[in-house]
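Please read the structure below before turning to the comments.
Below, chain A is the first sequence line, B the second, and so on; all start at residue 1.
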Number of protein chains: 2
Amino acid sequence: MTVTETETTDTSADTCAGPPQGDRRPDGADKYTISEVAALTGLTAHTLRWYERIGLMPHIDRSHTGQRRYSNRDLDWLALVGKLRLTGMPVADMVRYAELVRSGDHTYTERFELLKQTREDVLSRIAELQGTLAVLDRKISFYADAGRALASERA
Amino acid sequence: MTVTETETTDTSADTCAGPPQGDRRPDGADKYTISEVAALTGLTAHTLRWYERIGLMPHIDRSHTGQRRYSNRDLDWLALVGKLRLTGMPVADMVRYAELVRSGDHTYTERFELLKQTREDVLSRIAELQGTLAVLDRKISFYADAGRALASERA
DNA sequence: TAGAACGCTGGAGTGCACTCCAAGCAAGCG
DNA sequence: CGCTTGCTTGGAGTGCACTCCAGCGTTCTA
């Protein structure tokens, strides 16, 4: 048996997290221009082309005149990339992940490790941010008290 | 009444969060060279000088030969800056905050607002990261399942 | 007192993630 | 047909946050 999926069935599940980017065309009629994808993803056309150049995107279908035509599959991939970007993962690492996906099923373990590592990173980043919240709250309440003191002084 | 503190009594409280950067000299004997401060904060000497240049640090005391001599107060400030940096606040905003502190007590409200905004930003960043965790976990369990399937196939 | 180690300055360089530019082709419209 | 709009390319430019360099002076250790 071979697990017949390369980031398709589960990336479409991925999109259930994130903004309700609903306006998609049905599969088979899924041909988006670069500017449509830009509007859908919030990335610029420049960035989309750049992602392709650096190998973060698979090669995108072209129209008979050579213009890019993105598919729902591409949109799914971009949604995942968007999530990974939010984790703070460097672009180079995302490119590495993309390469693993392109290389086929035998890279499952490596992808698994990469994602687990990313998960750890996210967890510690959250902890870090919660640490800053504590400091922020202490300072905020200091200034709130100072404000109250000043107000009562004026009264 | 005037609240007689300019980021001193409460920044020393701030340091209770963060790594146990204990090896401090007592007040009065608190003169640190730039490389000591670098070791204490994890910043490079370059960065410390740069922080000063851009106005993120107050002017640091100098020895009779013109070398920087940092005080405990400076260390406290650096601890706060470190925390703000962890929030992802841009350096320009930290400089703005530093300017407010230098300008005196009448900027309390503005500092308060800035910190509250930062707090909001941190909160939404945490939420964002938790969103990415959901996606990561889904993908990780996909690969874990795939790994199990492959293993049972070999059995 | 020699030499290593540390510190000073202004300014240039680095790496990342875009971001923009110029020049040109292609499609749609009045 | 001309005009606008959208897309193409390789390569150059931008902004941020450092990071390093050259050339010099100072301070510590043997």
### Task
Using only side-chain N and O atoms of B/Arg49, determine if any of them is under 4.0 Å from OP1 or OP2 of C/dC8.
yes
### Query
So what does A/Arg53 touch, heavy atoms closer than 4.0 Å: a base, only the sugar-phosphate, or nothing?
base
### Query
Taking C-beta and beyond as the side chain, do A/Arg68 and A/Arg62 meet within less than 4.5 Å on heavy atoms?
yes
### Message
Check this for me, if you would: do A/Asp30 and A/Arg73 make a salt bridge, where the nitrogen-to-carboxylate-oxygen distance has to be below 4.0 angstrom?
### Response
no
### Summary
In this structure, CD of A/Gln117 is separated from CG of A/Asp93 (nearest 0.5 Å) by 9.5 Å
### Task
Return the 5'-most residue of the pair B/Thr44, B/Gln67 with respect to DNA chain D, ranking by each residue's nearest nucleotide.
B/Thr44
### Query
Please give, in whole Å, the distance from C/dC8 P to B/Ile60 CD1?
11 Å
#### Entry: Nearest-Å distance for atom pair NE2/P, residues B/His64 and C/dG7
14 Å
### First-last contacting nucleotides on DNA chain D - partner chain A, under 4.0 angstrom, heavy atom
D/dC7 to D/dG11
### Task
Classify the nucleic acid contact of A/Arg85 as base, sugar-phosphate or nothing, counting any heavy atom under 4.0 Å across all strands shown.
sugar-phosphate
## Note on the structure
In whole angstroms, the gap separating C1' of C/dA26 from CZ of A/Arg62 amounts to 14 Å
### Message
Under 4.0 Å, heavy atoms only, any strand: does A/Ser63 hit a base, just the sugar-phosphate, or nothing?
### Response
nothing
### Task
Respond yes when some side-chain nitrogen or oxygen of B/Thr65 is under 4.0 Å from OP1 or OP2 of C/dC8, and no when none is.
no
### Task
Report the residue (B/Ile34 or A/Pro90) whose heavy-atom-nearest nucleotide on DNA chain C is the more 5′ of the two.
B/Ile34
### Message
Check the orientation of A/Tyr97 and B/Tyr143. Use parallel for under 30°, tilted for 30 to 60°, and perpendicular for over 60°.
### Response
perpendicular
### Query
Between A/Asn72 and A/Tyr32, is any side-chain donor less than 3.5 angstrom from a side-chain acceptor?
yes
### Task
Round to the nearest Å and state the distance from B/His46 atom NE2 to C/dG7 atom P.
11 Å
### Query
Does a side-chain N-to-carboxylate-O contact under 4.0 Å join B/Asp145 and B/Arg148?
yes
Tell me which donor-acceptor pairs under 3.5 Å the side chains of residues 123-136 of chain A have, and how far apart each pair is, sequence neighbours excluded?
residue, atom, partner, partner atom, Å
A/Ser124, OG, A/Glu120, O, 3.3
A/Ser124, OG, A/Asp121, O, 3.1
A/Arg125, NH1, A/Glu128, OE1, 2.7
A/Arg125, NH1, B/Leu86, O, 3.0
A/Arg125, NH2, B/Leu86, O, 2.8
A/Thr132, OG1, A/Leu129, O, 2.7

